[in-house]
Enquirer: 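This is the structure, below, for whatever I ask next.
Treat the numbers as computed from the prediction; the structure is a model and nothing was measured.
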Amino acid sequence: YLSERAGHRVHLRRPQRGALRRKVEMAEVNAAQLLEQHSSQEEKLRRSVEELQALLGLERPPLRIEAVDISNTAGSESVGGMVTFVNGRPSKKDYKRYKIKSVEGQDDYESMREVIWRRMRRFRQGEEGFEQLPDLLLLDGGRGHLSAVQEVLRELGVDIPVFAMVKDEHHRTRGLVGEGGEITPTPVSPAAVLVGKIQEEVHRYAIDYHRRL
């Protein structure tokens with residue numbers, strides 16, 4: 001197999017002593033350490049998703065999470081950014097950018113409505129890249145953003161869990177707002193860390209697009 005991949009004959013040696021043997025032993029130790037680190041990271045991500053499910057009372061683990069943020073400067077060049085996390089990791093091939101078309105001036109609620117309407121309309125039409133709904137939809141904002149998006153989802157007949165991500169006075173993720181009010185996880189909990197990463201990423205993505213324009 002290796003010879004086929006390399007395009008020439010490959011010889012395998014298994015040193016039993018000396019410097020080469022010590023190099024093999026070092027490689028084995030490094031491989032074991034990397035495997036342990038990888039397993040530990042995967043376990044953390046799994047726990048963060050499961051904890052988020054329990055925290056929000058979801059029927060199933062939010063393996064696919066989409067998050068939306070709006071960015072503009074005094075209403076000019078208003079855009080929306082949407083990021084996707086799959087199994088707790090960013091899936092950049094699924095990121096989407098939206099230039100706001102229907103809103104005059106600075107109106108984040110209506111801008112958020114437009115982004116969600118366009119995204120869900122494409123889902124209803126079966127467009128490639130939009131055919132899969134998220135297990136959880138997160139909005140960078142507050143109760144107003146949540147109400148606006150819930151109205152759009154009802155209009156389109158799309159039933160998915162949606163929460164708004166709220167920040168504290170230091171612009172750090174404080175908690176999530178749903179129909180039942182605000183949910184504030186322990187700041188160092190796996191779920192809180194995951195939501196914080198998602199909020200930072202969608203904010204960065206939306207601002208980057210706005211600055212380009």
Side-chain angles (χ1 to χ4, degrees), residues 52-53 55-58 62 64-85 90-91 94-124 130 132-185 187 191-211 213:
L52 189 58
Q53 176 191 7
L55 186 70
L56 302 181
L58 304 179
R64 182 185 179 90
I65 301 173
E66 293 181 4
V68 182
D69 190 17
I70 302 298
S71 181
N72 59 65
T73 302
S76 67
E77 299 294 359
S78 188
V79 303
M82 177 179 287
V83 303
T84 302
F85 276 61
S91 178
D94 295 314
Y95 284 18
K96 301 289 189 297
R97 296 183 300 192
Y98 298 85
K99 188 171 183 179
I100 303 303
K101 301 176 180 178
S102 65
V103 181
E104 293 288 339
Q106 186 169 357
D107 191 333
D108 285 1
Y109 298 161
E110 286 302 312
S111 297
M112 190 76 79
R113 279 176 54 88
E114 179 185 322
V115 169
I116 299 303
W117 187 84
R118 288 165 61 183
R119 188 268 184 259
M120 295 305 166
R121 182 194 61 180
R122 290 179 173 178
F123 161 72
R124 296 291 297 273
F130 296 88
Q132 185 175 358
L133 284 177
D135 300 309
L136 174 63
L137 178 61
L138 297 178
L139 316 170
D140 193 321
R143 295 179 187 275
H145 299 82
L146 179 65
S147 297
V149 168
Q150 286 175 327
E151 185 178 339
V152 173
L153 294 178
R154 283 193 295 268
E155 290 173 0
L156 294 174
V158 177
D159 184 19
I160 55 174
V162 54
F163 291 82
M165 301 177 288
V166 292
K167 297 178 181 178
D168 60 20
E169 63 275 13
H170 303 293
H171 297 283
R172 290 191 294 262
T173 304
R174 184 181 74 215
L176 295 161
V177 173
E179 289 185 343
E182 183 171 332
I183 301 169
T184 308
V193 172
L194 175 59
V195 172
K197 287 181 179 178
I198 293 173
Q199 189 168 30
E200 288 178 7
E201 177 66 357
V202 71
H203 186 64
R204 177 203 66 78
Y205 187 65
I207 283 182
D208 180 64
Y209 181 37
H210 170 63
R211 286 175 176 167
L213 294 179

Enquirer: Under the salt bridge (Lys or Arg N to Asp or Glu O under 4.0 Å) definition, can you give me all pairs with a residue in residues 191-203, not counting sequence neighbours?
Expert: Glu201-Arg204
Enquirer: Pairs of donor and acceptor atoms involving the side chains of residues 145-152, under 3.5 Å and at least two apart or interchain, shall be tabulated with distances.
Expert:
| from | atom 1 | to | atom 2 | distance (Å) |
| --- | --- | --- | --- | --- |
| His145 | ND1 | Gly142 | N | 3.1 |
| Ser147 | OG | Arg143 | O | 3.1 |
| Gln150 | NE2 | Glu179 | OE2 | 3.4 |

Enquirer: Would you name the heavy atoms of Leu55 and Pro185 that are closest together and state the gap between them?
Expert: CD2-CB, 3.7 Å
Enquirer: How far does CG of Leu133 sit from CZ of Phe123, to the nearest 0.5 angstrom?
Expert: 3.5 Å
Enquirer: Is the CZ atom of Arg211 crowded by more than 12 outside heavy atoms at less than 6.0 Å?
Expert: no
Enquirer: Could you check whether any side-chain heavy atom of Ser78 comes within less than 4.5 Å of a side-chain heavy atom of Ile70, counting everything from C-beta outward?
Expert: yes
Enquirer: Tell me, please, which residues at least two apart from Arg119 pass salt bridge (Lys or Arg N to Asp or Glu O under 4.0 Å).
Expert: Glu66
Enquirer: Can you list the residues that meet the salt bridge (Lys or Arg N to Asp or Glu O under 4.0 Å) rule with Arg124, with sequence neighbours excluded?
Expert: none
Enquirer: With a 4.5 Å heavy-atom cut-off, do Gln132 and Asp94 have their side chains touching?
Expert: no
Enquirer: Nearest 0.5 Å, please: how far is OH in Tyr98 from CH2 in Trp117?
Expert: 11.5 Å
Enquirer: If you compare all heavy atoms of Leu176 against all heavy atoms of Val166, which two are closest, and at what distance to 0.1 Å?
Expert: N-CG2, 4.4 Å
Enquirer: In terms of side-chain heavy atoms, does Asp108 have a donor or acceptor partner in Ser111 at a distance below 3.5 Å?
Expert: no
Enquirer: Does Lys99 qualify as a cation-pi partner of Tyr209, given the criterion of NZ or CZ under 6.0 Å from the six-membered ring centre and within 45 degrees of its axis?
Expert: no
Enquirer: Applying side-chain hydrogen bond (donor to acceptor under 3.5 Å, both in side chains), can you list everything that pairs with Thr173, at least two apart in sequence or on another chain?
Expert: Gln199
Enquirer: Hey, are the side chains of Val83 and Ile65 touching, using non-hydrogen atoms and a 4.5 Å cut-off?
Expert: no
Enquirer: Less than 4.5 Å apart, side chain to side chain, heavy atoms only: is that true for Val79 and Asn72?
Expert: no
Enquirer: Can you list the residues that meet the ring-ring contact (aromatic ring centres under 6.0 Å, His included) rule with Phe163, with sequence neighbours excluded?
Expert: none
Enquirer: Any idea which heavy atoms bring Thr184 and Glu182 closest together, and the distance?
Expert: OG1-OE2, 3.3 Å
Enquirer: Which pair of heavy atoms, one from Gly80 and one from Val115, lies closest together, and at what distance?
Expert: CA-CG2, 4.1 Å
Enquirer: Determine, step by step, whether Leu153 and Asp159 satisfy the side chain to side chain contact (heavy atoms under 4.5 Å, CB included) criterion, reporting the C-alpha distance in whole Å, the side-chain angles of both residues, the deciding distance to 0.1 Å, and the verdict.
Expert: CA-CA 7 Å; Leu153 294 178; Asp159 184 19; over 6 Å; no
Enquirer: Taking all heavy atoms of Tyr205 and all of Lys96, pick out the closest pair and write down the distance.
Expert: CE2-O, 3.2 Å
Enquirer: Residues in side chain to side chain contact (heavy atoms under 4.5 Å, CB included) with Asp168, at least two apart?
Expert: His170, Arg172, Arg174
Enquirer: With side chain to side chain contact (heavy atoms under 4.5 Å, CB included) as the criterion, how do Ile160 and Leu136 come out once you've worked through the C-alpha distance, each side chain's angles and the decisive distance to 0.1 Å?
Expert: CA-CA 7 Å; Ile160 55 174; Leu136 174 63; over 6 Å; no
Enquirer: Tell me every residue that passes side chain to side chain contact (heavy atoms under 4.5 Å, CB included) with Asp135, counting only those two or more places apart in sequence or in another chain.
Expert: Arg60, Pro62, Leu63, Arg64
Enquirer: More than 12 foreign heavy atoms under 6.0 Å from NE2 of His210: is that the case here?
Expert: yes
Enquirer: Looking at residues at least two apart in the chain, or sitting in another chain, which of them share a side chain to side chain contact (heavy atoms under 4.5 Å, CB included) with Glu110?
Expert: Val103, Asp107, Arg113
Enquirer: Taking side chain to side chain contact (heavy atoms under 4.5 Å, CB included) as the test, write out the residues that go with Ala206, two or more places apart.
Expert: Asp69, Ser71
Enquirer: Would you please name every residue forming a side-chain hydrogen bond (donor to acceptor under 3.5 Å, both in side chains) with Glu114, sequence neighbours left out?
Expert: Ser102, Arg118
Enquirer: Decide yes or no on side chain to side chain contact (heavy atoms under 4.5 Å, CB included) for Leu138 and Val68, but give the supporting numbers first.
Expert: CA-CA 6 Å; Leu138 297 178; Val68 182; over 6 Å; no
